[in-house]
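Each remark here refers to the structure printed beneath this line.
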Amino acid sequence: MNNENKNKQPFRQVVSNNLFLIRLLFTASPAFVIFPVLDAVRNQVSIFFEHTVGIGYVLEAAEFHYPFRKVAAIIIILFVCISIGMVFTVWVGDYVREKEAPKVRRRIKLMLYDKAKDLDLECYDNPEYYNEMVLAIAEVDKQIDRCIQFLSNVFAGLATFITTGIYFVKKDAASIFFAIGSFILTFVFMQAYNRLSYKIRISRNPHERKREYVKRVFYLPDSAKEMRLNPGVSDILYREFDAANEEIVNIEKKNAKKHFLFSFVANYIGNDFCCDVIYIGYLVLKATVWGTLSFSGLAILYHSFGRMKRSLRVFTDTYPFACESSLYISKIRGFLEYRTKIVSDKDLAPGAGAKDVHVEDLSFAYNKSGAGLLKDINIDINPGEKIALVGYNGAGKTTLVKLLMRLYDPDSGHIIMNGNDIRAYNVEKFRRSIGVVFQDFRIFAGTVAENVIMDIPKGGEEERIREALTDSGLIRRIDKMEKGLGSFLTTETRDDGINLSGGESQKLAISRVFYQNAGLMILDEPSSALDPIAEYQLNHAMLTATKDKTVIFISHRLSTTRIADRIIMLESGRVVEEGTHDELLARNGKYAGMWRVQAGAYM
């Protein structure tokens, strides 16, 4: 399906999507929605009485010699009413919006963040869905402002249309048909213009993401060292940046003629020509030839025609505006309404002790249309057993532990844990019953204590936190920090933050598993950033801290696997060898080959 077909929306969908966001805003803060709308209506009513009724009356008074006292009284009344209205506008703008806007943005963003943390990981593997998720989160602030603008425009336009329409019916009903003609022409071409604008935006999006990537690489600290040590990388990035810019320019050039045509017809032919040429000619004819219109009436009708024409933009501009907003809101709505596929079948609670794990005929592929990454895996792990998963990159080790944690569901086969298929357990409780450190762990902007327990401390956890840091070998480094467990990590959000080294960060991540004290612990490359002495100390600390736990760890450093009760070697998504370190060396198979390659580096 091409972008043009995807951009077409039925009227009901446009209304439904905009009402969806209006309801969200109203739930977050009724005042944030109501008062700007009331102010928009008040403003148009005030303009009508000031510019149409008030000025019209003054011009008629001058043309037909009304008493000065009567004119002065009307002007004073208008002045008082308009002044009160301006005070209301200032109150709405400076107080209501400034007070309520942060509340609304916070509530809606927290809804998005809450949904993002519960998304199935497969959503991140789908480029189309991931792009739409990023767009939804990036657009939310803009769409909040557009929603309030949309409501204000609608009600302001209706207020203008009603007040000016009543005046036209009284003064010259035929003027309404001129306004409607201008409306129809502008409506058709503005709708085409806005649809094309959205198409251009969607086409630009992947190229703008590429430009954004290049920008991040140049200013984020993660890549600063690599950029300076490898200046040639800059040339690659410049090339990518230029290519993205070229694509964006080509998209704009491809659509420039249509963009100009739609804008010209809508803004000049539909508006300026109809108003300034055709309608003014009609009014002059009535005033000078037919004599059915006073010159004061001519001036006010011409001026009011502009207001009537602008009020009709509630249909010409606002509906296409709502259509464009709807396209973005539909992504926000789709994101918020996404239903997680990984759900609990029976809502069982997992036990707290060491787990026994049985993997039966397990197969899985990230791309369901491609070849499987894991194929017919069968593994039995006894309670308290220490298992090492080894294999070359791409063998499927990390994917297997993700399935064990139920971050994905297998395409076929079963994972039985403590006698139950893991689908029967409550998903959240099941995941909390497993301690894990992934190879690509993150240190978050927070205190040491918060980074260990991965939650807000409630008091009474200090002893357990220190014990976990002791087991991981990091406690001496933490004690040297001025604020100890309260020290803030990373300098990304605070100047007084502390950046840990790679090895220290890994020790902190491992302390999370020790703190959690789960029945099953999974460690993906637990010592990859540690020196040999620290690795040796950590291995023995892990054996001591997890003596009554089931442990699965992945490692490319086979010196670590020697502490395992059993080693399972994967290759091309299959189990190819299984046994203790000595048994596998005696077989002189694939594991023995890996061992000799690594051991040879130290001989």
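Excluded from the calculations below are hydrogen atoms, water molecules and symmetry mates; all remaining heavy atoms, backbone and side chain alike, are included. Please read these numbers as outputs of a predicted model, since none were measured by experiment.
- A salt bridge links D39 to R42: one of the charged nitrogens lies within less than 4.0 Å of a carboxylate oxygen.
- Residues D114 and D118 come closest through the heavy atom pair O-OD2, 3.3 Å.
- Atoms CD1 and CZ, on I415 and R423 in that order, are 8.0 Å from each other to the nearest 0.5 Å.
- In summary, of the residues considered (K331, R333, R201), a salt bridge (charged side-chain N to carboxylate O under 4.0 Å, His left out) with E139 occurs for R201 alone.
- With K397 contributing its side chain and M569 its backbone, the two residues share no donor-acceptor pair below 3.5 Å.
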Practice task
Run the numbers on R146 and L21 for side chain to side chain contact (heavy atoms under 4.5 Å, CB included), then give the verdict.
Solution key: CA-CA 10 Å; R146 284 176 63 93; L21 186 55; over 6 Å; no
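- For F264 and Y193, the distance between ring centers is not under 6.0 angstrom.
- Contact annotation: the side chain of L25 approaches that of C147 to within less than 4.5 Å [non-hydrogen atoms, C-beta and beyond].
- Taking 4.5 Å as the limit, every side-chain heavy atom of P320 sits out of range of all side-chain heavy atoms of R195.
- Within 6.0 Å of CG in L110 there are more than 12 heavy atoms belonging to other residues, nucleotides or ligands.
- A donor-acceptor contact shorter than 3.5 Å links the side chain of R512 to the backbone of N451.
- E492 CD: 12 or fewer foreign heavy atoms inside a 6.0 Å radius.
- Within the 4.5 Å cutoff, the side chain of R477 has heavy atoms near those of the M481 side chain.
- In this structure the side chain of D376 reaches within 4.5 angstrom of the side chain of S363, judged on heavy atoms.
- When atom types are taken as modelled, the side chain of R105 and the backbone of K103 share no donor-acceptor pair closer than 3.5 angstrom.
- Heavy atoms only, all atoms of each residue included: S203 and I251 are closest at O-CD1, 3.4 Å.
- Using a 4.0 Å cut-off between charged side-chain N and carboxylate O, E504 and K507 make no salt bridge.
- No more than 12 heavy atoms of other residues, nucleotides or ligands shown are found within 6.0 angstrom of CD on E428.
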Practice task
Start with the C-alpha distance between N18 and S326, add both sets of side-chain angles, then the distance that settles side-chain hydrogen bond (donor to acceptor under 3.5 Å, both in side chains), and finish with yes or no.
Solution key: CA-CA 6 Å; N18 281 277; S326 173; 4.7 Å; no
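- Counting heavy atoms from C-beta on, the side chains of I522 and I554 never come closer than 4.5 Å.
- Ion pairing between K375 and D411 fails under the 4.0 Å rule for side-chain N and carboxylate O.
- Summarising the geometry of L403 relative to P410, their closest heavy-atom pair is CD2-N, 3.8 Å, with the distance given to 0.1 Å.
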Practice task
For salt bridge (charged side-chain N to carboxylate O under 4.0 Å, His left out), just list the numbers for K341 and E122, CA-CA rounded to whole Å, side-chain angles, deciding distance to a tenth of an Å, and then say yes or no.
Solution key: CA-CA 10 Å; K341 296 177 183 178; E122 69 174 38; 2.8 Å; yes
Problem - CA sep, side-chain torsions, deciding dist, call: L400, I552, side chain to side chain contact (heavy atoms under 4.5 Å, CB included) - result: CA-CA 11 Å; L400 177 58; I552 299 172; over 6 Å; no
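- Minimum heavy-atom separation, K115 to Y338: NZ-O, 2.9 Å.
- Taking the side chain as every heavy atom from C-beta outward, I377 and L570 approach each other to under 4.5 Å.
- Note: F364 and Y366 meet the aromatic proximity criterion, with ring centroids under 6.0 Å apart.
- The shortest non-hydrogen separation linking A40 to S152 is CB-O, 3.6 Å.
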Practice task
Given side chain to side chain contact (heavy atoms under 4.5 Å, CB included), test F321 with E324 step by step and report yes or no.
Solution key: CA-CA 5 Å; F321 182 94; E324 184 178 350; 5.8 Å; no
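- Within 6.0 Å of atom CZ in F218, more than 12 heavy atoms from other residues, nucleotides or ligands are found, so the atom counts as buried in its surroundings.
- D524 has its side chain out of reach of F441: every pair of non-hydrogen atoms, C-beta onward, lies at least 4.5 Å apart.
- A donor-acceptor pair is defined here as one N or O able to donate and one able to accept, closer than 3.5 Å; no such pair exists between the side chain of K402 and the backbone of Y408.
- Here the side chain of S16 pairs no donor or acceptor atom with the backbone of Q13 at under 3.5 angstrom.
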Practice task
Show your working on side chain to side chain contact (heavy atoms under 4.5 Å, CB included) between L38 and F155 and close with a plain yes or no.
Solution key: CA-CA 8 Å; L38 289 178; F155 283 91; over 6 Å; no
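- A salt bridge links D141 with K109: at least one charged nitrogen is closer than 4.0 Å to a carboxylate oxygen.
- At a threshold of 4.5 Å between non-hydrogen side-chain atoms, the residues L374 and T399 count as touching.
- Ring geometry for Y198 against Y328 counts as perpendicular: the plane angle is over 60°, on a 0 to 90° scale with 30° as the lower cut.
- Remark: the backbone N or O of L327 is paired with a side-chain donor or acceptor of S330 at under 3.5 angstrom.
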Practice task
Evaluate the salt bridge (charged side-chain N to carboxylate O under 4.0 Å, His left out) criterion for residues D145 and R97: first the C-alpha distance (whole Å), next the side-chain angles of each, then the deciding distance (0.1 Å), finally the verdict.
Solution key: CA-CA 11 Å; D145 294 335; R97 288 187 181 177; over 6 Å; no
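- Between E212 and R209 there is no salt bridge, since no side-chain nitrogen of the basic residue lies less than 4.0 Å from a carboxylate oxygen of the acidic one.
- Taking the charged nitrogens against the carboxylate oxygens, R406 and D409 do have a contact shorter than 4.0 Å, which makes a salt bridge.
- Pairing each heavy atom of K258 with each of L196, the nearest pair is CB-CD2, 3.7 Å.
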